[in-house]
Amino acid sequence: MPDLIDGSENVSVHGIFNWIFLLAIFSIITVIGNFLGYKHPISGSLIGMGILSLITLAGVWLERYLPFNVSSILYISVIGILLAFPGMPTSDFVLYYVSQIELLAIVTVFLAYVGIGMGKSWDEFKALGWKAIVITILVIAATYYGAAIVAHIVLVLTGVPAV
């Protein structure tokens, strides 16, 4: 079975439909989790996930068609920031509906997808060996502690008392 999302440079109509199909499945599962776990209304959650999915599609498309060597995550972030930036005509709409989606509802579905993907390539993962696991743990720990240090510095500089 071919991959639904390939790494080719050109996005075909078939590739776009695969992205839409996967984002629709991802969105529906997220909306269900958002409703069951956090009691957010389904209609608002669907609109919020629709906005996030459209931003994702635009970012992926820009990555493939612009002549710059930039990851789609950068395009997705910039588009999201621009759409939600105070003073933009889209800001209130985007912020209202995207705030209906809990981050943990999205992350839960994403991690399940990653787990399935890892299960498909378990032999490749095992081939990396124990060193890859140690490096992964160190990277996660360093990221966490780095973020905590930056947050602490910002809180101290803004006058929030340190606990």
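As the structure is a prediction and not an experimental result, all values here were calculated from the model.
No side-chain heavy atom of Y144 sits less than 4.5 Å from a side-chain heavy atom of I140. In this structure, the side chains of I47 and Q100 stay at 4.5 Å or more apart for every pair of heavy atoms.
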Can you list, pair by pair, the side-chain donor-acceptor contacts under 3.5 Å of residues 102-110, counting residues two or more places apart and other chains?
from: E102; atom 1: OE2; to: H40; atom 2: NE2; distance (Å): 2.8
from: T108; atom 1: OG1; to: L104; atom 2: O; distance (Å): 2.6

Report, one line per pair, each donor and acceptor closer than 3.5 Å where one atom sits in a side chain of residues 84-92; sequence neighbours left out.
from: T90; atom 1: OG1; to: L83; atom 2: O; distance (Å): 2.7
from: S91; atom 1: OG; to: A84; atom 2: O; distance (Å): 3.1

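Linking ILVMFWY side-chain heavy atoms closer than 4.5 Å, directly or via other members, places Y65 and Y75 in a single hydrophobic cluster. Residues L155 and I149 are members of separate hydrophobic clusters, defined by side-chain heavy-atom contacts under 4.5 angstrom among Ile, Leu, Val, Met, Phe, Trp and Tyr. By the rule that hydrophobic residues join a cluster once side-chain heavy atoms approach within less than 4.5 Å of another member, L54 and W19 end up as members of separate clusters. L62 and I73 fall into different hydrophobic clusters, where Ile, Leu, Val, Met, Phe, Trp and Tyr residues are linked whenever their side-chain heavy atoms come under 4.5 Å apart, directly or through other members. Note: the hydrophobic cluster containing I42 does not contain Y38 (ILVMFWY, side chain heavy atoms under 4.5 Å, direct or indirect links).
Taking every heavy atom of both residues into account, I101 and M49 meet most closely at CD1-CG, 3.6 Å. Taking each heavy atom of I79 and A58 in turn, the nearest pair found is CD1-CB, 3.8 Å. Heavy-atom minimum distance, V139 versus T143: O-OG1, 2.8 Å.
For the side chain to side chain contact (heavy atoms under 4.5 Å, CB included) criterion with I51, the lone passing option out of T56, V94, L46 is V94.
Residues F93 and Y97 bring their aromatic ring centres within 6.0 Å.
Rounded to the nearest 0.5 angstrom, I76 CD1 and L57 CG are separated by 9.0 Å. We find the OG-CD1 distance between S27 and I20 to be 11.5 Å, quoted to the nearest 0.5 Å. Considering OG of S45 and CD1 of I28, their distance stands at 12.5 Å, rounded to 0.5 Å.
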